[in-house]
Amino acid sequence: MQVFLSEPRGFCNGVQNALNLLDEALAKKLKLSVLNEIVHNKTIIKNYQDKGVVFVKDLKAVPNGGHIVFSAHGVAPDIRRQAAERNLQIIDATCPLVKKVHREALGFTKHGVYIIYIGHHKHEEAAGVYGEAPQNITIIENSADIPLIPRDKKQYAALTQTTLNITETAGLIAQIKKIFPGLIEPAQKDICYATAARQEAARNIAAKTEAVVIIGSRNSSNSARLKEVVEAQGRPAYLVDNYRELPAEIKQYSKVGLTAGASAPEYLVRECLAFLQNAML
Ligand code: SF4
């Protein structure tokens with residue numbers, strides 16, 4: 001089997017910074033709680049749990065005055081308020097590119113522009129941005145949600161989650177523009193460079209292989225989008241946390257691409273590479 005490694009793949013700067021912050025806090029022997037998952041990767045979460053980090057779904061689970069880490073996906077201002085009221089010590093690992101979208105949401109709201117936020121209803125990143133101005137934002141996930149957008153606003157702007165499928169999002173924005181021709185798109189697209197570059201690389205690797213393995217967790221938005229990109233090229237895509245989850249059918253291919261979502265550690269890619277290369281011996 002020939003294995004083609006996609007480049008770039010794996011950790012983006014936002015994930016690496018979040019993990020560095022957590023490691024620095026652990027090195028100070030702080031007792032840490034993290035709100036939700038620091039990044040969406042099962043292996044990483046398990047490794048930190050083994051080091052004593054507690055992952056919570058609600059701030060109420062954190063003792064008064066304790067240390068709370070906000071994940072790379074960011075939080076709504078209400079969560080920050082609650083943390084301040086409880087005197088929690090905040091370690092903020094929000095990715096700067098997510099913070100940028102929060103600032104854009106605030107800016108549009110201040111200027112009376114209604115926001116159409118394209119993202120996944122249940123994702124923490126979407127919830128965080130929505131929390132900046134719930135009265136001024138509609139979250140839409142796909143074209144079926146377009147009717148949810150109120151029609152009585154003077155001006156509209158689109159913002160997006162940072163980890164969306166670039167092609168699908170462009171199509172959705174084009175559909176929205178037909179209904180709201182004056183739609184303002186952010187000068188700089190919100191889908192981050194890391195997401196865009198990994199999708200482009202996955203598309204290229206799919207074009208020269210028979211199937212692509214994506215190392216990442218299923219709840220990782222950017223990893224799931226890599227799977228979609230590969231499948232859109234007509235290739236089977238296997239999204240797995242590690243090589244042990246690969247089905248036996250992987251052995252039928254002679255050319256396989258290998259990539260990883262932005263929250264997947266490189267050592268899992270290397271393990272998978274070794275497995276795939278040995279699988280054919
Ligand atoms: S995928 Fe992009 S927005 Fe998300 S953490 Fe990484 S760099 Fe930041």
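Order of appearance sets the numbers: ligands from 1, and atoms from 1 within every ligand. All of these numbers come straight from a predicted model, not from anything done at the bench. Positions are given from 1 along the sequence.
- The distance cut-off of 2.8 Å around atom 6 (Fe) of ligand 1 captures these protein N, O or S atoms, sorted by chain and number: Cys12 SG.
- Applying the 4.5 Å side-chain rule to ILVMFWY residues, one finds Tyr193 in the same cluster as Leu97.
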For residues 61-77, dump all side-chain donor-acceptor pairs below 3.5 Å to protein atoms at least two apart in sequence or in another chain.
{"residue": "Asn64", "atom": "OD1", "partner": "Arg86", "partner atom": "NE", "Å": "2.5"}
{"residue": "Asn64", "atom": "OD1", "partner": "Arg86", "partner atom": "NH2", "Å": "2.8"}
{"residue": "Ser71", "atom": "OG", "partner": "His73", "partner atom": "N", "Å": "3.1"}
{"residue": "Ser71", "atom": "OG", "partner": "His73", "partner atom": "ND1", "Å": "3.3"}

Please set out all donor-acceptor pairs under 3.5 angstrom arising from side-chain atoms of residues 124-134, sequence neighbours excluded.
{"residue": "Glu124", "atom": "OE1", "partner": "His40", "partner atom": "NE2", "Å": "3.3"}
{"residue": "Glu124", "atom": "OE2", "partner": "His40", "partner atom": "NE2", "Å": "3.1"}
{"residue": "Glu125", "atom": "OE1", "partner": "Thr162", "partner atom": "OG1", "Å": "2.9"}
{"residue": "Glu125", "atom": "OE2", "partner": "Thr162", "partner atom": "N", "Å": "2.8"}
{"residue": "Glu125", "atom": "OE2", "partner": "Thr162", "partner atom": "OG1", "Å": "3.1"}
{"residue": "Glu132", "atom": "OE2", "partner": "His102", "partner atom": "ND1", "Å": "2.7"}

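- Looking only at atom types and distance, the side chain of Glu249 has a donor-acceptor partner in the side chain of Tyr238 under 3.5 Å away.
- A donor-acceptor pair shorter than 3.5 Å can be found between the side chains of Asn219 and Glu37.
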Discussion item. Please determine whether side-chain contact (heavy atoms from CB on, under 4.5 Å) holds for the pair Thr195 and Leu164, giving the CA-CA distance in whole Å, both sets of side-chain angles, and the decisive distance to 0.1 Å.
Written reply: CA-CA 8 Å; Thr195 299; Leu164 299 184; over 6 Å; no
